[in-house]
Amino acid sequence: MHIDTLKKLAVDALEELKARDITHLDVAKLTEVTDLMLIASGTSTRHVAAIAENVVAKAKAAGLGPLGVEGGDNADWVLVDLGDVVVHVMMPEARVLYDLERLWADLPSDSDVISETLERFHERASMS
């Protein structure tokens, strides 16, 4: 499925159940794991779970089973992995605490810098 179609499917599913503060982050240059992250808030843990369940249901109806779902009922954060799009549905408090928007925005976008940083990390880890 084309990423724009997948994004629209996920955003529509989020909006259908009144998710709040929907944000998208293009992380394609920062990681090979996914291209796009969608972050949205719910008003209660049940609302968070229902929103995530709706994303999963809409994806399955479109013939795309999620690669994984983490979290669930009574969770303050549920992650739905759709491959090229990863959806994070969070309670506002968890969203502030983990601040994914800032975390991903602060990462260097140059792949050489990322490789160099990882190399230094591995060197330090092997010294300990």
Side-chain angles (χ1 to χ4, degrees):
M1 182 176 290
H2 190 272
I3 190 164
D4 292 331
T5 306
L6 187 55
K7 176 185 174 185
K8 180 175 179 5
L9 179 144
V11 169
D12 288 350
L14 293 168
E15 289 176 342
E16 184 175 321
L17 289 190
K18 310 291 188 223
R20 297 182 176 185
D21 304 319
I22 301 169
T23 302
H24 76 274
L25 303 174
D26 182 349
V27 296
K29 294 181 181 173
L30 301 173
T31 182
E32 294 179 12
V33 174
T34 191
D35 291 335
L36 181 70
M37 287 190 190
L38 296 174
I39 304 169
S41 298
T43 57
S44 67
T45 55
R46 182 66 199 128
H47 187 217
V48 166
I51 293 167
E53 288 168 9
N54 197 46
V55 172
V56 170
K58 297 295 181 182
K60 285 181 178 179
L64 176 70
L67 300 176
V69 178
E70 296 294 329
D73 291 340
N74 299 318
D76 61 352
W77 180 358
V78 180
L79 179 147
V80 180
D81 184 351
L82 300 173
D84 291 336
V85 175
V86 172
V87 182
H88 299 269
V89 186
M90 308 171 87
M91 287 292 296
E93 299 81 13
R95 191 166 176 175
V96 168
L97 178 65
Y98 294 103
D99 200 3
L100 296 179
E101 291 94 338
R102 184 190 56 77
L103 174 71
W104 284 96
D106 285 351
L107 288 175
S109 61
D110 185 348
S111 61
D112 292 335
V113 173
I114 294 171
S115 297
E116 186 177 306
T117 303
L118 286 172
E119 189 174 303
R120 278 186 271 145
F121 172 77
H122 291 298
E123 286 174 5
R124 289 182 187 147
S126 65
M127 290 180 189
S128 353

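Treat the numbers as computed from the prediction; the structure is a model and nothing was measured. The chain is numbered in sequence order, starting from 1. Hydrogens, waters and symmetry mates play no part in the numbers below; they use all other heavy atoms, side chains included.
Between Trp77 and Leu100, some side-chain heavy-atom pair lies under the 4.5 Å cut-off. Val55 places a side-chain heavy atom less than 4.5 Å from the side chain of Leu82. Within the 4.5 Å cutoff, no side-chain heavy atoms of Asp76 are placed close to those of Glu93.
Listed for the His47 side chain is a donor-acceptor partner under 3.5 Å among the backbone atoms of Leu17. Between the Thr34 side chain and the Gly83 main chain, a donor and an acceptor come within less than 3.5 Å of each other.
Nearest heavy-atom pair across Ala52 and Val78 is CB-CG1, 3.4 Å. Nearest heavy-atom pair across Met91 and Thr45 is SD-N, 3.5 Å. Here the closest heavy-atom approach between residue Gly42 and residue Pro92 is recorded as O-CD, 3.2 Å.
Partner of Lys8 under the side chain to side chain donor-acceptor pair (under 3.5 Å) criterion, chosen from Thr5, Asp4, Asp12: Asp12. Remark: of the listed residues Leu79, Asp81, Val85, Val80, Val80 is the sole one forming a side-chain contact (heavy atoms from CB on, under 4.5 Å) with Pro66.
To the nearest 0.5 Å, the span separating CG on Leu25 from CG on Asp35 amounts to 12.5 Å. Between Leu38 atom CG and His88 atom NE2 the span is 9.0 Å, to the nearest 0.5 Å. Atoms CZ and OG1, on Arg20 and Thr43 in that order, are 5.5 Å from each other to the nearest 0.5 Å. The NZ atom of Lys7 sits 8.5 Å away from atom CG of Asp26, with the distance rounded to the nearest 0.5 Å. Rounding to the nearest 0.5 angstrom, the gap separating the CE atom in Met37 from the CH2 atom in Trp104 is 4.0 Å. Between the CG atom of Leu14 and the CD1 atom of Ile51 there is a distance of 7.0 Å, given to the nearest 0.5 Å.
Checked for salt-bridge contact, Glu53 and Lys60 miss the test: no charged N lies under 4.0 Å from a carboxylate O.
Linking ILVMFWY residues whenever their side-chain heavy atoms come closer than 4.5 Å, directly or via other members, leaves Val96 and Tyr98 in distinct clusters. Linking ILVMFWY residues whenever their side-chain heavy atoms come closer than 4.5 Å, directly or via other members, places Met90 and Leu97 in the same cluster.
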Exercise. Could you walk me through whether Arg95 and Thr23 pass the side-chain contact (heavy atoms from CB on, under 4.5 Å) check?
Worked result: CA-CA 11 Å; Arg95 191 166 176 175; Thr23 302; 3.0 Å; yes
